[in-house]
Amino acid sequence: MSVTPSNENIIPLIKKESMLVSLEHGIRQNGRKPFEYRPISITLGYAKKADGSALVKLGDTTVLAGVKLEEEQPFEDTPNQGNLVVNVELLPLAYETFEPGPPDENAIELSRVVDRSLRDSKSIDLTKLVIEPGKRVWTVWVDIYVLDYSGNVLDASTIAAIAALYDTKLPKLLQEGDSIKVIKEEKGERMPMNYPVVTVTVGKIGKYLIVDPDIEEEGILDTRLSISYTPDKRMVGIQKFGIGTFSMQEIDQVESIARQASAKILEELKKQLGIG
Amino acid sequence: MSQNQKPKLILENGLRTDGRKPDELRPMKMEIGVLKNADGSSIIEVGNTKIIAAVYGPKEIHPRHLALPGRATIRVRYHMMPFSTDERKSPSPSRREIEISKVIREALESSILVEQFPRSSIDVFMEVIQADAGTRLASLMAASLAVVDAGIPVKDIIAAVAVGKADGVIVLDLNEPEDMWGEADLPVAMMPSINQVNLIQMNGNLTPEEFKQAIDLASRGIQTIYNMEKETLKSKYIEFKEES
């Protein structure tokens, strides 16, 4: 059962009022402009036993993603593609109110939103993850762990997933007569990536829209909308989070703000990941 | 419906697999006050999708520590009956049902005047009897009608419809093949009289231009559905009047 949360950050009303006053002057309390994204830093190969990994910092928000590959049978309805499984966990070490235990509705929602962005963007060429058609394929496990929660973990999680996937190398395959052998100890080809995908979150406070809300801003947001984009500006996922509402005009505005931000983030990603 | 090959979603005559035009809604049926025990209840049918919803509350909350000082706590469960799908679905809550319960709760909470019922709870239960695309939105509408049936004040009733893209055509109110094989699925829920969107999600892929076209189409569909909802509520009261 989904229950109205009672342990959300309580932000003093005076803080909300001062944030609104700042926004009226076109600046945020954290010094950023309304549509300014926090700096992104990516460390590839942070977890060496993973087939690919990335530690991503978005401002103070820190997320670690690791990719593991396992040989499995394909699903019946997709005999000629690999499988993709995404899981996001909000670790208790990341924030005061996060508790140990199985993923709660927030973590499940995050996982599913990241999963849909990766899947629907066709960012990964799953058809190239086949070892033996109809019999043996790779299952790509993307596990994302939030280490330090400072707002907007969704955008950070998508970046971390993409970075870890670009860092991933598949185990080596060896043709032996009629059969194909997997040599786990040796690395083979790179993960077949088509292009990256990014998610941009835009928050709404009163009549103002802000990109990439931090933790304090999240506490006073009316609601937020996250949209995922590919490099050719296709929209590949939308999710609205939180209780408030948007007007149709605001949704239109959010879309164009998010689209512009996505281009910048993609550029940054390409630079840091060294991809064309 | 477990074919492996994508069927043609838009036929040569420009119609859809169920004979509808791209901007045509599925037939809908709705009724309120269908359960005796619940404070509010409803049944809604959208094409072959059938949902029953019940509301209990506002009432004293248990356990007490869930109580919020300035508003009601809303508790929502969206659940699919094991026989509601082609393949039997395990009755235990799936990750999908957990996500949907959350998005429905958030959408519903923004329509209810929760500040009027501090320290109490409003419990909303939805059961999917038949699943044939659009269950989250049909459930949300059923819940909204049941909330109103329970006499709980709201900003507006919620009307909702999914739009999407099938074989390159922007279509209104997706059916199951379109949901499964189409290029995009964009559920939208609104409080039409105040032009506020309670729920919006999308999976698949759309260009920004297609997205604009799609939400315009959704707004139009929502208006028609909204009028039907109002009719359903009014006719119930006329019934009462005639009885007395």
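None of these values were measured; they are calculated from a predicted model. Letters A, B, ... mirror the listed sequences (proteins, then strands); counts begin at 1.
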(message) Test side-chain contact (heavy atoms from CB on, under 4.5 Å) on A:M235 and B:E210; report intermediate values, then the result.
(response) CA-CA 10 Å; A:M235 302 167 72; B:E210 288 168 335; over 6 Å; no
Most chain A-contacting option - heavy-atom pairs closer than 4.5 Å, from [options]:
options                      : answer
B:H79, B:E183, B:R71         : B:R71
B:Q201, B:R105, B:M191       : B:R105
B:V124, B:T73, B:I74, B:I104 : B:I74

Side chain, backbone, both or neither: which part of [X] has a heavy atom under 4.5 Å from chain A?
X      : value
B:L186 : side chain
B:I215 : both
B:V114 : neither
B:F125 : side chain

Look up atom [atom1] in [X] and atom [atom2] in [Y], then write down how far apart they are to the nearest 0.5 Å.
X      : Y      : atom1 : atom2 : result
B:Q196 : A:S247 : CD    : OG    : 5.5 Å
B:N203 : A:Q239 : CG    : CD    : 9.5 Å
A:S6   : B:H65  : OG    : NE2   : 7.5 Å
B:I100 : A:R112 : CD1   : CZ    : 7.0 Å
A:I243 : B:L108 : CD1   : CG    : 10.5 Å

(message) Non-hydrogen contacts under 4.5 angstrom with chain A: give the residues of residues 88-98 of chain B involved, or none if there are none.
(response) B:R95, B:R96, B:I98
(message) Between B:E106 and A:K240, does any NZ, NE, NH1 or NH2 come within less than 4.0 Å of an OD or OE carboxylate oxygen?
(response) no
(message) Looking at B:K102 and A:E105, is there a salt bridge between them, counting it only when a charged N and a carboxylate O are closer than 4.0 Å?
(response) no
(message) Non-hydrogen contacts under 4.5 angstrom with chain B: give the residues of residues 193-232 of chain A involved, or none if there are none.
(response) A:K204, A:L225
(message) Quick check on the structure: residues of residues 114-144 of chain A within a heavy-atom distance below 4.5 Å of chain B, by number.
(response) A:R116, A:D120
Where is the tightest heavy-atom contact between [X] and [Y], given as atom of each residue plus distance?
X      : Y      : result
A:I251 : B:I200 : CD1-CD1, 4.0 Å
B:V76  : A:M1   : O-CG, 3.3 Å
B:K212 : A:D252 : CE-OD1, 3.4 Å
B:V188 : A:M248 : CG1-CE, 4.1 Å

(message) Report which part of A:R259 has an atom under 4.5 Å of a heavy atom belonging to chain B: side chain, backbone, both, or neither.
(response) side chain
(message) A quick test of your reading: do over 12 heavy atoms of other residues, nucleotides or ligands sit less than 6.0 Å from NZ of A:K68?
(response) yes
(request) May I ask you to check whether over 12 heavy atoms, not counting those of A:E267, lie within 6.0 Å of atom CD? (result) no
(request) Indicate whether any N or O donor in one side chain lies under 3.5 Å from an N or O acceptor in the other, for A:T4 and B:E109. (result) yes
(message) B:E209: which residues meet the salt bridge (Lys or Arg N to Asp or Glu O under 4.0 Å) condition with it, sequence neighbours left out?
(response) none
